[in-house]
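Every value quoted in this text rests on a predicted model; they were computed, and no experiment measured them. For the single chain, residues carry numbers from 1 onward in sequence order. What's counted below: heavy atoms across the whole structure, side chains too, no hydrogens, waters or symmetry copies.
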Amino acid sequence: MAVRKPNESPDEENALRQTALFKQVPREDADQLLGSLTEYVFTKGSTIFRQGDKDHRMYVIEEGRVKLIRQAADRRVQLLSINGRGEILGEIPVFDPNGGPRTASAVVMVNRTRVAALEHDALFSWLNQHPRVAVDMLQVLANRLRANNERISDLVFMDVPARLAKTLLDLATRFGEPFEQGLMVPHDLTQEELAQLVGASRETVNKALMDFSNRGWISRRGRAIVIYRPGALIRRSRM
């Protein structure tokens with residue numbers, strides 16, 4: 001449901017102004033494009049866009065978390081990534097000269113997730129006036145490509161415990177909440193989804209989690225992980 005124009009939020013609360021699209025742009029110039037965005041609020045389990053859709057919108061997460069999933073022809077599902085505040089979703093059809101289809105589906109993970117939608121024509125009209133921002137956008141896309149290449153390399157060269165340690169550290173960096181005993185990492189994933197994110201079977205990932213727990217590195221609390229010894233995870237992710 002659309003609730004407001006994103007530029008109604010003050011700067012200190014507006015995640016959009018912190019993205020590569022806007023952070024180097026003067027406020028008056030950013031407002032030209034912010035006024036073209038429409039904000040939506042989604043409940044947990046809602047789908048923002050679906051694999052195969054042919055729309056030309058890009059989305060920026062203002063608050064909440066969204067997972068990208070891809071479904072194979074035999075209906076197997078792969079969890080590709082978890083995305084949070086300030087991150088861009090669905091940029092491929094926007095920059096692909098042939099348009100869609102979308103390569104994955106975006107599913108909301110927490111209630112009251114807010115995203116801002118931007119149409120292809122509005123973005124390119126604005127970029128024509130602010131070409132410097134196009135360079136920032138290329139950096140975003142390059143970082144996304146580098147992350148995908150690194151993920152492929154990890155699947156080939158790293159064992160499951162190393163990939164799990166690296167995944168937990170990434171989630172901790174992006175979503176972790178410090179408290180007295182350690183770092184709480186609310187991932188909101190089922191055991192199967194966590195295994196998909198690591199790129200292994202659920203049984204193998206559970207075995208590695210149990211080993212980490214027995215060593216005192218982590219503990220499991222429902223759909224959250226408590227990290228007690230991040231240094232140990234860092235060392236294991238490099239083995």
Side chain to side chain contact (heavy atoms under 4.5 Å, CB included) with Gln78: which residues, sequence neighbours excluded?
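Gln78: side chain to side chain contact (heavy atoms under 4.5 Å, CB included) contacts with Leu80, Arg151, Gln196.
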
side-chain hydrogen bond (donor to acceptor under 3.5 Å, both in side chains) partners for [X], two or more places apart:
{"X": "Ser237", "result": "none"}
{"X": "Arg238", "result": "none"}
{"X": "Gln71", "result": "none"}
{"X": "Asp211", "result": "Arg215"}

Using every non-hydrogen atom in the two residues, find where Phe42 and Val115 come nearest and quote the distance to one decimal.
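Minimum heavy-atom contact is CE1-CG2, 3.4 Å.
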
If I compare all heavy atoms of Leu183 with all of Pro178, which pair ends up nearest, and what's the gap?
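Nearest heavy atoms, Leu183 then Pro178: CD1-N, 3.5 Å.
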
Flag the pair Arg112 and Glu63 as a salt bridge only when some basic side-chain nitrogen lies within less than 4.0 angstrom of an acidic carboxylate oxygen.
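Glu63 and Arg112: not salt-bridged.
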
Is Asp170 salt-bridged to Arg163, going by a charged N under 4.0 Å from an acidic O?
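Salt bridge absent between Asp170 and Arg163.
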
So which pairs with a foot in residues 220-229 pass salt bridge (Lys or Arg N to Asp or Glu O under 4.0 Å), sequence neighbours left out?
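Every pair satisfying salt bridge (Lys or Arg N to Asp or Glu O under 4.0 Å) with a residue in residues 220-229: there are none.
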
Out of curiosity, Thr113 OG1 to Asn111 CG, how far, rounded to the nearest 0.5 Å?
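Nearest 0.5 Å value for the OG1-CG distance: 7.5 Å.
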
Please lay out, stage by stage, how Asn149 and Arg146 fare under the test side chain to side chain donor-acceptor pair (under 3.5 Å).
CA-CA 5 Å; Asn149 288 342; Arg146 178 179 287 111; over 6 Å; no

Do the non-hydrogen side-chain atoms of [X] and [Y] ever get within less than 4.5 Å of each other?
{"X": "Leu89", "Y": "Phe49", "result": "yes"}
{"X": "Met184", "Y": "Val226", "result": "yes"}
{"X": "Gln181", "Y": "Tyr228", "result": "yes"}
{"X": "Arg70", "Y": "Gln51", "result": "yes"}
{"X": "Leu79", "Y": "Leu189", "result": "yes"}
{"X": "Tyr59", "Y": "Ile61", "result": "no"}

Taking it one step at a time, do Arg236 and Asp159 satisfy salt bridge (charged side-chain N to carboxylate O under 4.0 Å, His left out)?
CA-CA 10 Å; Arg236 186 60 184 89; Asp159 62 12; 2.8 Å; yes

